[in-house]
Amino acid sequence: MKILKKIGGLLLVVFIVAQFFGPEKNEGDLTSVAAFFEETNPPDDVKMLLKNACIDCHSDSTRYPWYSQITPINYWMADHVKHGSKHLNLSKWNDYDDKRKDHKLEELIEMVESREMPLDSYTWAHSEAKLSQEQIDAMVAWAKMARLNYVFLKEPQ
């Protein structure tokens, strides 16, 4: 029993010390997605969906809730943001060529239609990010229209 108390005490000390360390935060400026919004021109309802369900993990600007200060949750969240931004970073939209922009919008459509995005683990804590079928349909319709800007540009001449 003494051993268990010592192990428990040691784990508690490690947990407390770990709270003083954490991963780098993704705290860029939300204006970094302005070029994406300007070029793809989402209607206001879809723009709000993108802000609530996508931008935290798919841009250089993440809104961090209070529980993100707790280790190991902060590392878990940082990993999600890192992977999300790796696949699609709306802050880097101008760095993508037209073919890649088209492909990213195509992937967005596939992931939203299949309900793979937003992640369930994100919507548990962000209820505003849980998309209804009507919201999914609106986002998909917008993305399909936005793709038209790039589909015709990549056609062989």
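The structure presented is a predicted model; accordingly, all values stated were derived computationally and were not measured.
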Quiz prompt | Inter-residue atom distance K82.NZ - D79.CG, 0.5 Å rounding | solution = 6.5 Å
Quiz item: Are L50 and P42 close enough that some pair of their side-chain heavy atoms sits under 4.5 Å apart?
Solution: yes
Exercise. Check whether more than 12 heavy atoms from other residues, nucleotides or ligands sit under 6.0 Å from atom CD1 of I3, and answer yes or no.
Key: no
Using a 3.5 Å cut-off and no angle test, enumerate the donor-acceptor pairs between side-chain atoms of residues 133-143 and protein atoms at least two apart in sequence or in another chain.
{"from": "Q133", "atom 1": "OE1", "to": "R115", "atom 2": "NH2", "distance (Å)": "2.9"}
{"from": "Q133", "atom 1": "NE2", "to": "D137", "atom 2": "OD1", "distance (Å)": "2.8"}
{"from": "Q135", "atom 1": "OE1", "to": "S132", "atom 2": "N", "distance (Å)": "2.8"}
{"from": "Q135", "atom 1": "OE1", "to": "S132", "atom 2": "OG", "distance (Å)": "3.4"}
{"from": "W142", "atom 1": "NE1", "to": "T40", "atom 2": "O", "distance (Å)": "3.0"}

Quiz item: Which atom pair, heavy atoms only, marks the closest approach of S85 to S59?
Solution: OG-O, 3.4 Å
Exercise. Please examine the side chains of T62 and C57, heavy atoms only from C-beta on, and report whether any two atoms are closer than 4.5 Å.
Key: no
Quiz item: Nearest heavy-atom pair of L119 and M117: which atoms, and what distance?
Solution: CD2-CE, 3.6 Å
Quiz item: Once you round to the nearest 0.5 Å, how far does CD1 of I55 lie from CZ of F36?
Solution: 7.5 Å
Quiz prompt | Interatomic spacing from OG in S61 to NZ in K51 - rounded to 0.5 Å | solution = 10.5 Å
Practice problem: Take atom CG of D95 as the centre, draw a 6.0 Å sphere, and report whether it contains more than 12 heavy atoms from other residues, nucleotides or ligands. | Solution: yes
Practice problem: Would you give the length of the straight line joining atom CE of M111 to atom CG of L88, rounded to the nearest 0.5 angstrom? | Solution: 10.5 Å
Quiz item: Are V81 and D56 side-chain neighbours, meaning at least one heavy-atom pair lies under 4.5 Å?
Solution: no
Quiz prompt | Any side-chain heavy-atom pair of D97 and H103 under 4.5 Å | solution = no
Quiz prompt | Note, K101 side chain near R147 side chain (heavy atom, < 4.5 Å) | solution = no
Quiz item: Do the side chain of S91 and the main chain of D60 share a donor and acceptor less than 3.5 angstrom apart?
Solution: yes
Exercise. Check whether any side-chain N or O of H58 sits under 3.5 Å from a backbone N or O of N89 as a donor-acceptor pair, and report yes or no.
Key: no
Quiz item: If you take all heavy atoms of P118 and A53, which pair is closest and at what distance?
Solution: CB-O, 3.7 Å
Practice problem: Over all heavy atoms of both residues, which pair between E113 and K144 is shortest? Give the atoms and the distance, please. | Solution: OE2-NZ, 4.3 Å
Quiz item: So, E39 versus Y150: side-chain donor-acceptor pair below 3.5 Å or not?
Solution: yes
Self-check item: Side-chain heavy-atom pair K104, L90 within 4.5 angstrom cut-off
Solution: no
